Each structure stands twice: as structure tokens, then as C-alpha cells.
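First, the structure itself, so that you have it in front of you.
Only a predicted model underlies this, so the values are computations on that prediction, with no experimental measurement involved.
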Amino acid sequence: MYALLLAPALVIAVGLAAWALRRDRRGWAAVAIAAAAVLLLTVVFDSLMIAADLFRFDEALLLGVRIGLAPVEDLGYALIAVLVAAATWRLWPARRPAGRLGSAASGRGQTDA
């Protein structure tokens with residue numbers, strides 16, 4: 001069953017995002033907006049690809065719930081991608097461009113025009 005394959009990855013992605021975005025309401029708002037956009041695009045394009053018969057799902061392995069023509073399980077993968085991307089963005093160490101290191105280190109706060 002596709003949902004059983006999806007569940008552990010979804011739990012890990014939610015946990016990682018919860019840890020990375022703890023106490024960050026603006027971060028969660030950004031994730032919600034990104035997730036809505038990605039899920040909408042997934043429904044639209046999956047429905048188009050399924051209608052064009054580019055791929056099929058084994059109906060015996062699906063929960064049976066569909067949004068458009070896309071099975072709900074397929075939306076889980078898109079949600080995992082958004083959550084992992086947001087957590088990675090937050091947890092990845094910041095790097096400064098080499099050309100700006102000197103001006104940033106001096107504390108003057110100069111910006112390039």
C-alpha cells in the first residue's frame with residue numbers, strides 16, 4: 001500500500017520541519033504558502049498526466065481518495081519535499097560571499113548599490 005510507504009517519510013519530514021522551525025510563526029506561514037502552491041500544482045499536473053495516460057497507479061494499493069485525478073497519496077510526496085526543503089534551508093549553515101566578507105566583518109553595514 002502506497003500510504004504505508006509514505007507514512008514514515010512524512011512523519012520524519014514533519015518532525016524535521018517542526019524542529020527546524022520551532023517558535024517561528026513567519027517560517028510556518030511561509031511553509032504553508034509554499035505547500036499550498038506545490039500541492040495545487042501537483043494536483044493540476046498529476047491530473048493532466050493521468051488524463052493523458054502517461055502513468056497509472058495500481059488501484060488495489062491506493063486509499064481511494066482522489067483530488068482531481070491525483071490520488072491523495074501522491075500529494076504526500078510533494079508535502080514531504082516542501083517540509084524537507086524548508087528544514088534544510090533553515091538548518092544549513094549560512095555562508096557569506098567571498099567578496100563581501102571584509103566589509104561585513106568590519107561592522108560598518110555598508111551595502112552594494
**Asked** Ala13 and Leu83: which non-hydrogen atoms are nearest, and at how many Å?
**Response**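 In terms of heavy atoms, the two residues are closest at O-CB, 3.9 Å.
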**Item:** Side chains of Ile67 and Ser47 in contact at under 4.5 Å (non-hydrogen atoms)
**Value:**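 Side-chain contact under 4.5 Å: no.
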**Asked** Under the 4.5 Å side-chain heavy-atom rule for ILVMFWY, direct or indirect, which residues accompany Leu91?
**Response**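 Leu91 shares its hydrophobic cluster with Leu16, Trp19.
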**Request:** Run the numbers on Ile12 and Val84 for side-chain contact (heavy atoms from CB on, under 4.5 Å), then give the verdict.
**Result:** CA-CA 9 Å; Ile12 290 169; Val84 170; over 6 Å; no
**Request:** Using the rule that two of Ile, Leu, Val, Met, Phe, Trp, Tyr join whenever any of their side-chain heavy atoms come within less than 4.5 Å, decide whether Trp92 and Trp89 are in one cluster.
**Result:**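 Trp92 and Trp89: separate clusters.
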**Prompt:** Hey, what do you get for CD1 (Ile80) to CG (Leu10), rounding to the nearest 0.5 Å?
**Reply:** 5.0 Å
**Asked** Does one hydrophobic cluster hold both Leu4 and Val11, with members joined at side-chain heavy-atom distances below 4.5 Å?
**Response** no
**Asked** Taking only residues at least two apart or on different chains, which pairs with a member in residues 60-71 satisfy salt bridge (Lys or Arg N to Asp or Glu O under 4.0 Å)?
**Response**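 Qualifying pairs, neighbours excluded: Glu59-Arg66.
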Enumerate, atom names and distances included, each donor-acceptor pair closer than 3.5 Å involving a side-chain atom of residues 25-39, sequence neighbours excluded.
unit_1: Trp28; atom_1: NE1; unit_2: Leu21; atom_2: O; d: 3.1

**Prompt:** Does the side-chain contact (heavy atoms from CB on, under 4.5 Å) test come out yes or no for Asp24 and Arg90, once each step is laid out?
**Reply:** CA-CA 11 Å; Asp24 183 5; Arg90 177 54 60 95; 2.5 Å; yes
